[in-house]
Amino acid sequence: MPAIPPLRLGVNVDHVATLRNARGGRTPDPVRAALLAIEAGADGITAHLREDRRHIRDDDMARLKAEISKPLNFEMAATAEMLQIALATKPHAACLVPERRTEVTTEGGLDVVGQRDALGPFIARLTDAGIRVSLFIAADPAQIEMAAKLKSPVIEIHVGAWCDAVVEGQKQKAEAEWQRIVTGARLAQSAGLEVHAGHGLDYVTAETISALPEIVELNIGHFMMGEAMFVGLPQTVRDMRAAMDRGRKSLRGHVRS
């Protein structure tokens, strides 16, 4: 068996900012959360600067870039405004996501097939600036193949439907979604793409998906910030890291839900 790449944990701090913004002021501070997560073992920090600034704000992105010692993953819509902010901030990576003001959270993957003409120059601008581009997409063969054609070095598979089905005990749906993820991850790797996964992961689903050798990074936020309310963020990071390590060691080659 070929060597399995290390598995990274990216911690999303959006919802620290959500809590701060519910009352205004400066606390709790997402930058402080990022620093605590890194100290506890996170490999990187993810933050989504939305058009409506419902959680992360512009100054949060600037402070994260200035103060954290690990890579910053800038989640963003493919808009002219966000492009200029990303080029000014110079994060390690930019993950392009779909975005609608009316959604509670990101509801699905980016349609790179339908938006190929707009995304091509956008990806090129970010790449030319030294920013590593990731596309947040469904585990759909057409989307994965288009991501490779557009020369995005990374995709992040939206695993929310699978996670929801697991939590809700919908075994048949969970099995079908899992098979899509397994097939998609293999296709992406064969196309030369680095494969990440995110959205809806908890300890159980993170442990399961960590067994896929094609996956090299998980980006997790909402669940971890909820857990942190009860046990603290450093302990939550350590517990998630332990779950991922258990999954990686098992290296399951079979399909499970």
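Position 1 is the first residue of the sequence; numbering continues from there. If you're wondering where the values come from, they're calculated on a predicted model, not measured in any experiment. When reading the values below, keep in mind they use all heavy atoms of this one structure, side chains included, and skip hydrogens, waters and symmetry mates.
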Under the rule for ring pair (Phe, Tyr, Trp, His ring centres under 6.0 Å), what residues qualify as partners of F122, not counting sequence neighbours? none

Only counting residues at least two apart or in another chain, list the ones meeting side chain to side chain donor-acceptor pair (under 3.5 Å) with [X].
{"X": "D164", "value": "none"}
{"X": "E214", "value": "none"}
{"X": "T205", "value": "D202"}

Would you mind listing every ring pair (Phe, Tyr, Trp, His ring centres under 6.0 Å) that reaches into residues 208-227, with sequence neighbours excluded? H15-H222, Y203-F223

Taking side chain to side chain contact (heavy atoms under 4.5 Å, CB included) as the definition, give me every residue that meets it alongside [X], ordered by chain and number, with sequence neighbours left out.
{"X": "A124", "result": "none"}
{"X": "K149", "result": "M146"}
{"X": "P121", "result": "none"}
{"X": "T79", "result": "A77, E81, M82"}

Applying the side chain to side chain donor-acceptor pair (under 3.5 Å) criterion to N21, which one of R54, H55, R57 satisfies it? R57

Taking only residues at least two apart or on different chains, which pairs with a member in residues 34-44 satisfy side chain to side chain donor-acceptor pair (under 3.5 Å)? D43-R241

Per the side chain to side chain donor-acceptor pair (under 3.5 Å) rule, what does the pair list look like for residues 114-133, sequence neighbours excluded? R132-E194

Side-chain heavy atoms under 4.5 Å apart, restricted to Ile/Leu/Val/Met/Phe/Trp/Tyr: what other residues fall into the cluster of V231, or is it alone? M229, F230

For a 4.5 angstrom cut-off between non-hydrogen side-chain atoms, does E156 reach I137? no

Considering only NZ, NE, NH1 and NH2 on the basic side and carboxylate oxygens on the acidic side, decide whether R63 and D58 come within less than 4.0 Å. no

